[in-house]
Structures are given as C-alpha cells and as structure tokens.
Amino acid sequence: MLTVTLQTLRTRWATFTGSFVALSLGVALLAATGLALASSRDAPDRVPERFAAAPVVVRGQDTLRVPTPVGDRTERLARPRAVPAATVAGLRRLGRVVEDRSFAVRAEGGPAELVGHPWSTAAFAPYRIDAGRAPRAAGEVVVSGDWAAPGERVRTDRGVARVVGTVPDRGFENAVFYADTEAARLSPVSVQLAVDADASAVRDAVRGTTGVRVLTGDDRRYADADPERDGEALTAMNALFGTAGGVSAFVSVFVVASTFAFAVAQRRREFGLLRTAGATPGQVRRTVLAEGLVVGVLASATGCLLGAYGAPHLAAWVVDEGLAPAWFTIGAHTWPYHLAFWTGLFVALAGVIAASWRAGRTAPTQALREASVETRAMTPGRWLCGGGLLLTALVTLAVTLAGDPGDLLHRKTYVSRPMLLISAAALLAPVAVRPLTRLLTWLPARLPGAAGLLVRENAAAGTRRTAAVAAPVLVMVALAGSLLGATATLNEAGAAETRERTAADFVVTAADEGGFDARTVDRLRAVPGTAAVAPSSSTAVYVLEEGVALIGSDARAVADPAALATTTRLPLTAGKASGLDDGSIIVNEEWERHSVGERVRVWLGDGTERTLRIAAVMATGTGDNGVYVTSANAPGAPVDRVDVTVAAGADAGAVAEALRAAAGPAGGRVSDRDAWLASTHPGTTPTNRAGILLVLGIALLYTGISLVNTTVMAASDRVRDLAALRLAGATRAQVLRLIGAESLTVVVVGAVLGLVVAGLELAGLGWALRLLSVPSTPDVPWTALTGIVVTCAALTVTTSLLTTTLSLRPRPVDQPGSRKCPHTPPRRLSPLRARTPQPPKRP
C-alpha cells in the first residue's frame with residue numbers, strides 16, 4: 001500500500017500541489033500566530049515613565065470597587081477624584097509636594113499628540129534642559145524634541161507661546177511644559193501628586209482616606225497616561241491572531257477536502273482497476289488516507305519552518321501598525337510548533353476522510369467504463385452535512401433574533417457566523433449548479449453558432465467539476481461580502497442613529513478634555529438668534545447587573561433638560577426627555593431595569609453612589625445610545641459640547657459667526673449639522689481594519705491556490721474531450737475561446753452563490769437592526785466584490801487557457817485515449833504491426 005501511495009504521489013504530483021501549498025501556509029500561519037501569542041504571555045510589566053524618578057506618587061480615587069456575593073467587582077472611573085485638600089495639607093508637612101496636571105495641546109507645526117505639564121514635574125521623568133532655560137512666566141514653554149527651537153513663537157489652542165528651552169525626547173510622549181502657575185490656570189484639577197518623603201510615612205498620612213493610592217516602585221506606572229494600553233493592545237492582537245488562525249484552519253480544511261474529493265472523482269477507473277486486481281474497499285480507503293497522511297506530514301513540517309521564518313516579520317508588522325507595543329518581539333517557545341504541526345496533520349486527515357470513504361465504494365466495473373460518465377454529485381453524506389449546517393445556521397440565527405438581536409452586532413459574531421452558512425453552501429453547491437448554469441447561459445445558448453450551447457452543456461453536465469471550481473469563488477465572495485458588508489452596515493447604522501438624534505443646527509465642541517469654562521458657556525448662551533442652547537458633558541454611569549456584573553455606560557450630563565428635548569431627538573420608547581431632573585436618569589432597554597418610575601442604584605463617574613428614578617427609556621440601538629443624567633450627577637465633568645438651534649427667522653450665518661466669536665478664545669470649534677455628522681461618522685478602528693484585511697488576505701490566498709489547483713485538475717481531465725472537438729473540426733482558437741467562456745461561466749456561478757450567502761448574512765444583520773429600532777439597510781461592498789470576482793476570473797481563465805494550450809500541442813489523433821489511468825503502461829507496438837507476419841531470418 002505504501003508503494004502504491006508513493007507512486008501515486010509521484011505520478012499525480014500536480015493533483016496534490018494545491019493541498020500541499022494551502023496546508024503549508026495554514027500551518028505556517030498557525031505557527032507564527034502561536035509564537036506571537038506565546039510571546040505576548042511573557043510580556044514584561046511596564047516600567048514607570050513620567051514618574052520614574054519620583055520618590056512617591058499619591059493618586060486620588062480612580063477605581064470603583066463594589067462588593068458582590070462572588071467577590072469585588074472593579075471598574076476604572078471616568079472622572080478620577082482629586083486628592084482631598086486635608087490629605088494634601090498633611091502630606092506637605094512630610095516633604096515637598098508637586099501637583100501634576102496634564103492637558104492636551106494643539107500647536108501649528110507641532111506633533112499630533114502634544115501634552116501639557118507643569119515644569120515642576122519634568123524632573124520626575126527625568127527631563128533635563130539641553131538648550132535654553134526653564135519657563136518662568138505665562139506664555140513661556142519648554143518643548144520636547146526638535147520641532148521648535150528656543151526663541152521661536154508657536155501658535156497653540158492655548159494661545160501664542162514663546163519657546164524658551166528644549167528637552168530631549170523621552171519616547172513616550174510629546175511634552176510641552178508651562179510655568180506652574182500657568183499650568184494650574186489651564187488645568188485647575190489635579191488628581192495626583194508627587195511627594196518627596198518616606199513611603200511608609202506617606203501611607204500613614206493617607207490611611208483612612210477613601211480610594212487614595214500610594215504608588216511606589218513599578219506601581220508608579222499607574223500614574224502615567226493610559227497605563228493599561230499595553231495589555232489592551234496585546235488583548236486586541238491576540239483576538240486578531242485567534243480569528244486569523246480560525247479562518248486559516250477553516251479554509252485549509254475546505255481546500256484539502258475539495259481537492260481530495262475532486263481527485264477521487266477523477267480516479268474512479270483507477271480505483272476500479274485496483275478493485276479488479278483484488279484490492280478490498282478498506283485497502284483503497286487506507287491508500288487514500290495514506291496519501292493524505294504523507295501530504296499532511298510533509299506540509300506540516302514545511303509550514304513549521306515557514307512559521308519560524310515569518311514570525312519575526314509578523315511581530316514587526318503588528319508593531320508598525322500600532323497593534324502591539326514597541327517592545328514586542330518573538331521569544332523562544334516550542335509548544336506553538338507542536339500545536340501547528342499536529343493541527344495541520346489533523347486538518348489533512350479531516351479533509352481526506354470523506355474522500356477515502358467514497359473511494360472505498362468504487363466498484364470494479366468502473367475500470368470497464370469507456371467514457372467517464374459523471375455519477376451523482378450529492379451523496380447521502382453530503383446531503384446530511386450540508387443540510388445539517390444550513391439548518392444549524394438558520395436555527396441559531398432565528399434564536400439569536402428572538403432572544404438577543406444585539407449579539408449579531410458584535411465583531412466576534414459577524415466574523416464567525418458566516419462560516420456555517422459558507423460551509424453549507426459549498427456542500428450544497430452541486431444542487432444549484434445545473435439550474436443556475438442553464439439560467440446564466442440561456443441567452444448565449446440561443447445565439448447563432450455552437451459555442452454558447454457547448455458552454456451550457458459542458459458546465460451543466462460536469463456538475464462535480466463546475467461545483468469544485470466554483471466553490472473557492474463562493475467562499476471568497478461570501479466571506480468578503482459578509483465581513484465588509486457587516487462592517488459597513490454597522491457603521492452606517494451608527495451614522496443613521498446620530499443623524500436621527502441630532503436636531504441642533506450647530507454643534508460647538510471643545511478643543512480638549514478640559515472643556516469650556518463657565519464664562520465661555522455664558523457667552524454661548526448670550527448669542528442672539530438662538531432658540532435653545534444645550535451644554536452637556538461626557539461622563540459615565542455604573543450599574544450592578546444581576547447582582548454580580550459591574551457595567552459602565554457612557555453618559556451625557558445636561559444642564560437644561562428642556563433644551564435637551566429641543567436640540568436632541570432621543571429614541572424614546574417610554575417616558576419624556578423633559579422629565580429628567582437631578583433625581584432621575586434616562587436609560588436604554590439594555591439595562592436590566594428599564595421601566596419608567598423604577599428606581600435604580602448607580603455609581604456616578606467619580607464613584608459617588610446614588611439611587612435615581614428612571615425618567616425615560618431609550619431603544620437599545622447599536623449600543624451607542626448610552627444614558628443621560630443632569631450636570632448635578634456629573635461632578636467634575638467639564639462642558640465639552642454645546643448644541644444650538646437657531647430661532648425662527650434668525651440669520652443662521654450671523655448666529656454661526658457669533659458662536660465662533662464666543663467659543664474662539666477657548667479654542668472651541670463650531671460646526672453646522674452636516675459637518676458635525678460627517679466628523680462623527682463611525683469608522684473602522686485600525687485593529688478591526690487590520691483584522692479584516694488579514695482574514696480576507698488569507699481567504700484570497702487560499703482561494704487563488706484552490707482555484708489554480710482545481711482548474712489544472714479539471715483541465716487535465718478533459719484532454720480526450722478537447723481532442724474530440726478538434727477531430728470534429730474545431731480550431732485551436734475556437735477551443736480556447738470555448739474553455740475561456742466556460743471558465744468565466746463557472747466563476748459567475750460561484751460569485752452568484754457567494755452573493756446569495758452574503759445577502760442572507762446581511763439580511764439577518766439588517767433584521768436585527770430593525771428589531772433594535774435602528775434605521776438602516778444592508779450595505780453591500782460592490783466595489784470590493786467586483787475586484788474579487790475579476791481577480792478570480794483572471795486566475796481561472798489564465799490557468800485554464802495555459803493548461804489547455806499545453807494539452808493541444810499534440811495532434812488530436814495522437815492523444816492518449818487509453819491512458820486514463822497513470823498505472824497503465826503505454827503501448828509501444830500498434831496492434832496492426834503486431835499481427836503482421838515477419839519474414840524469416842536468413843541463416
């Protein structure tokens with residue numbers, strides 16, 4: 001059996017090339033992603049950056065901790081509290097205290113993310129002056145890096161400043177240092193401070209103060225901006241690689257299974273000869289399994305070598321794309337290679353099992369067939385698997401829509417769900433191939449000439465061949481349509497929600513997190529020609545769901561509920577927006593408690609516990625509706641947005657100019673409704689975009705491999721058919737045109753089936769959005785799908801024409817009509833010459 005297997009692999013090497021390449025690449029990706037995941041588990045703890053030289057850092061309450069029956073639940077507060085004044089006074093008696101303040105700065109010609117600090121905190125990084133001097137008065141700054149030199153004047157959103165000194169770039173921020181008094185004016189609130197005193201004495205001084213933390217050693221990193229960004233980046237990267245690995249395994253199984261199934265269908269006479277020679281069905285099955293085993297071992301070993309080579313390049317790519325921290329590198333690990341190798345071997349065997357069972361059922365009479373007449377393409381096993389997957393996909397969709405439609409809006413769901421329907425469609429594709437082919441070729445078949453008729457009959461009669469070539473196109477179109485379509489649909493749904501909610505004519509936004517001061521808000525309120533002015537703040541509200549889950553919700557805090565009802569159209573399902581007051585809250589239907597008049601226990605953005613009455617309830621939507629409270633329930637949250645409606649008969653242009661004049665000194669930006677909607681239109685995050693591109697890139701690569709491999713196999717199997725066409729009078733050009741037209745037809749069949757699958761997925765998503773009261777329609781990515789179909793068509797037509805051209809090189813009468821089986825030796829002596837008597841040799 002092993003000898004037969006090796007001889008088959010040697011003779012039919014082209015048949016197994018596609019499976020080998022696809023499996024090798026899949027194992028390589030699994031090995032590379034496994035190495036990346038293993039390396040992320042060994043990630044070092046971040047070291048302090050801004051306060052690396054600070055003796056002790058004292059930080060106000062920035063974490064909400066709520067006890068539950070199953071343990072404490074924590075959430076980071078949206079508005080950390082400042083260290084209490086009495087505690088600060090006690091710390092000053094221990095040693096020097098430096099209050100830290102951080103605020104965003106925008107400068108013409110400067111880096112994108114400038115951060116302002118008091119100069120007194122520069123020594124804790126430490127920063128040292130390398131040119132010029134320290135700032136001493138208002139309007140003087142020291143900058144990090146070399147984007148400005150001492151003596152230059154820079155225009156910022158905080159006013160014109162003169163650069164009096166520079167410090168070296170430390171690599172973790174682009175800093176602008178102000179004099180301490182100026183920094184205190186620009187950012188009055190300080191949530192942390194550095195203390196030059198003994199750590200134990202500082203802990204004794206803050207003991208009993210709720211939520212205040214004393215940070216020393218490596219814990220001082222929690223005083224840096226976004227201290228959890230490394231962990232969040234690694235989590236997102238792991239999710240990206242997990243998705244890519246899952247898609248790789250799925251498509252690898254699909255390519256290997258389809259290749260072996262088609263190869264078994266082509267080798268019926270070969271297996272019939274083996275059965276005639278005495279081979280049992282079990283021996284035939286073991287032969288096919290051995291072929292898959294050999295291919296799997298070789299491909300898995302090759303994939304591990306490729307993964308070892310590609311892992312460092314993958315790590316460099318995720319770092320360059322900002323998906324991983326700058327320190328991320330690949331470490332030395334062995335378990336990813338074991339995982340990748342054995343997974344590849346399992347994929348190979350899983351893909352070949354069904355083909356081996358079909359091969360074992362080959363009857364000895366198959367060797368006696370003179371013509372390769374195609375048997376039924378849909379076996380009971382294929383009906384069972386395809387129907388089961390289709391039923392599972394439809395039932396799970398119905399259950400999700402009936403239970404929690406919002407679950408379909410999650411990225412993990414709309415990435416994994418299409419796999420079920422794609423698998424079902426690929427298995428059931430032969431059912432639709434014949435009627436769809438006849439429909440697509442109805443008009444060409446009625447045109448003068450035989451070309452259209454031959455294309456229709458060849459594609460419809462070769463159901464298995466047509467389905468095998470169309471399946472990779474189906475997978476690629478369905479996957480791209482589902483992923484890109486779901487992303488575009490959700491983005492458009494979010495934009496539609498914002499558009500429906502926004503009733504303001506103008507929206508004034510603050511330049512940074514510092515927001516607008518009270519004087520700026522008063523100037524905006526006093527602008528003539530306005531009908532309603534609604535200042536609001538960004539905050540958060542936390543609620544304990546089911547007694548064990550602490551959940552944070554984005555919230556808007558409004559100063560005037562009546563103005564809110566005028567400038568914003570909330571998607572209310574119960575209650576009124578004007579009923580909001582200091583003792584109430586507006587929630588959405590996603591909350592466990594969402595009945596008007598019901599009281600709910602919440603924690604505000606600074607951790608303050610309150611019990612509020614539900615004044616109104618909004619539809620769940622896409623999850624961005626959030627909640628609404630009054631400004632009294634958002635302590636410390638500055639006004640960062642002001643919605644304005646123009647009074648009837650007032651000049652909108654004059655109102656806009658007055659708003660710009662009022663908000664200009666504070667750096668506010670005035671946008672009309674259309675500009676505001678355009679600036680807030682949802683977009684795909686870099687992580688999601690990279691994940692989708694990686695998944696689609698893998699699918700497109702595998703599609704190309706499968707298309708080329710299956711097309712070569714199908715074309716090589718039609719040598720006798722093409723020879724018959726040539727003997728009937730067809731020229732080479734006519735045969736090539738026929739093959740090209742047939743290849744295009746098969747690609748269109750796969751594209752139509754893929755569009756049907758993508759359409760079903762997007763229809764389910766659209767139905768879920770309707771159930772969530774979101775005004776949206778499915779968005780089909782026609783441009784991307786057109787490019788994919790054109791690419792698949794170019795690959796298929798080019799491969800089929802090249803293979804056909806090579807097969808047409810011999811004369812039609814010289815085509816090997818009786819050498820269907822590679823194990824049949826060529827006849828070196830014609831029968832006529834063998835029967836001719838030879839003259840006797842002379843003595």
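Computed from heavy atoms alone, side chains included, the values below leave out hydrogens, waters and symmetry copies. One is the number of the first residue; the rest follow in order along the sequence.
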[Y] and [X], any side-chain heavy atoms less than 4.5 Å apart:
X: Leu604; Y: Pro635; answer: yes
X: Val58; Y: Leu91; answer: yes
X: Val142; Y: Val167; answer: yes
X: Tyr542; Y: Ile551; answer: no
X: Val600; Y: Val543; answer: yes
X: Pro561; Y: Tyr628; answer: no
X: His117; Y: Glu173; answer: yes
X: Ser120; Y: Val98; answer: yes

Please name the pair of heavy atoms, one in [X] and one in [Y], separated by the smallest distance, quoted to 0.1 Å.
X: Pro55; Y: Phe124; result: CD-CE2, 4.5 Å
X: Val56; Y: Ala197; result: CG2-O, 3.6 Å
X: Ile614; Y: His594; result: CD1-CA, 4.0 Å
X: Ala107; Y: Leu114; result: CB-CD1, 3.6 Å
X: Asp640; Y: Ser538; result: OD2-OG, 2.7 Å
X: Ala504; Y: Val507; result: CB-CG2, 4.5 Å

Could you state the interatomic distance from [atom1] ([X]) to [atom2] ([Y]), rounded to the nearest 0.5 Å?
X: Asp169; Y: Ser144; atom1: CG; atom2: OG; answer: 5.0 Å
X: Leu77; Y: Gln61; atom1: CG; atom2: CD; answer: 5.5 Å
X: Asp198; Y: Leu94; atom1: CG; atom2: CG; answer: 9.0 Å
X: Asn633; Y: Leu580; atom1: CG; atom2: CG; answer: 8.5 Å
X: Arg153; Y: Glu108; atom1: CZ; atom2: CD; answer: 14.0 Å
X: Trp603; Y: Arg610; atom1: CH2; atom2: CZ; answer: 13.5 Å

Flag yes if more than 12 heavy atoms outside [X] fall under 6.0 Å of its [atom1] atom; otherwise flag no.
X: Asp554; atom1: CG; value: no
X: Arg133; atom1: CZ; value: yes
X: Arg669; atom1: CZ; value: no

Main chain of [Y], side chain of [X]: is a donor-acceptor contact present, judged purely on distance under 3.5 Å?
X: Asp224; Y: Glu49; result: yes
X: Thr539; Y: Ala557; result: no
X: Ser537; Y: Ala637; result: yes
X: Thr502; Y: Thr498; result: yes
X: Arg220; Y: Gly217; result: yes
X: Glu75; Y: Leu64; result: no
X: Thr568; Y: Arg501; result: no
X: Thr156; Y: Gly159; result: yes
X: Asn588; Y: Gly626; result: yes
X: Arg523; Y: Ala662; result: yes

Worked verdict on Thr210 versus Val212 for side chain to side chain contact (heavy atoms under 4.5 Å, CB included): CA-CA 6 Å; Thr210 304; Val212 174; over 6 Å; no
Between Phe177 and Trp119, is the ring centroid distance below 6.0 Å?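 Centroid distance Phe177-Trp119: below 6.0 Å, so yes.
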Centroid separation under 6.0 Å, is that true for the rings of Phe51 and Tyr222?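 Tyr222 vs Phe51: aromatic centres not under 6.0 Å.
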Can a donor-acceptor pair be found between the side chains of [X] and [Y] at a distance below 3.5 Å?
X: Ser200; Y: Arg203; result: no
X: Asp146; Y: Thr166; result: no
X: Asp582; Y: Thr630; result: yes
X: Asn174; Y: Glu113; result: no
X: Ser536; Y: Arg556; result: yes
X: Arg599; Y: Ser584; result: no

Is any NZ, NE, NH1 or NH2 atom of the basic residue among [X] and [Y] found under 4.0 Å from an Asp or Glu carboxylate oxygen of the other?
X: Arg101; Y: Asp180; answer: no
X: Asp62; Y: Arg59; answer: yes
X: Arg207; Y: Asp204; answer: yes
X: Asp643; Y: Arg641; answer: yes

Any chance you could lay out the salt bridge (charged side-chain N to carboxylate O under 4.0 Å, His left out) test for Arg50 and Asp100, step after step, and finish with the verdict? CA-CA 10 Å; Arg50 286 195 56 228; Asp100 178 48; 2.7 Å; yes
Determine whether Met618 and Val587 satisfy the following criterion, side chain to side chain contact (heavy atoms under 4.5 Å, CB included), listing intermediate values before the conclusion. CA-CA 6 Å; Met618 298 181 293; Val587 302; over 6 Å; no
Step by step, would you call Leu659 with Leu524 a side chain to side chain contact (heavy atoms under 4.5 Å, CB included)? CA-CA 6 Å; Leu659 290 174; Leu524 292 172; 3.9 Å; yes
Qualifying residues under salt bridge (Lys or Arg N to Asp or Glu O under 4.0 Å), relative to Arg613, sequence neighbours excluded: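 Only Asp581 meet the salt bridge (Lys or Arg N to Asp or Glu O under 4.0 Å) criterion with Arg613.
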Who pairs with Arg162 by salt bridge (Lys or Arg N to Asp or Glu O under 4.0 Å), at least two apart in sequence or on another chain? Glu140
Walk me through it: do Thr608 and Arg81 pass the test side-chain hydrogen bond (donor to acceptor under 3.5 Å, both in side chains)? CA-CA 10 Å; Thr608 302; Arg81 295 184 181 182; 3.1 Å; yes
Please assess Val508 against Trp676 for the test side chain to side chain contact (heavy atoms under 4.5 Å, CB included), listing each intermediate value before the final yes or no. CA-CA 9 Å; Val508 186; Trp676 160 253; over 6 Å; no
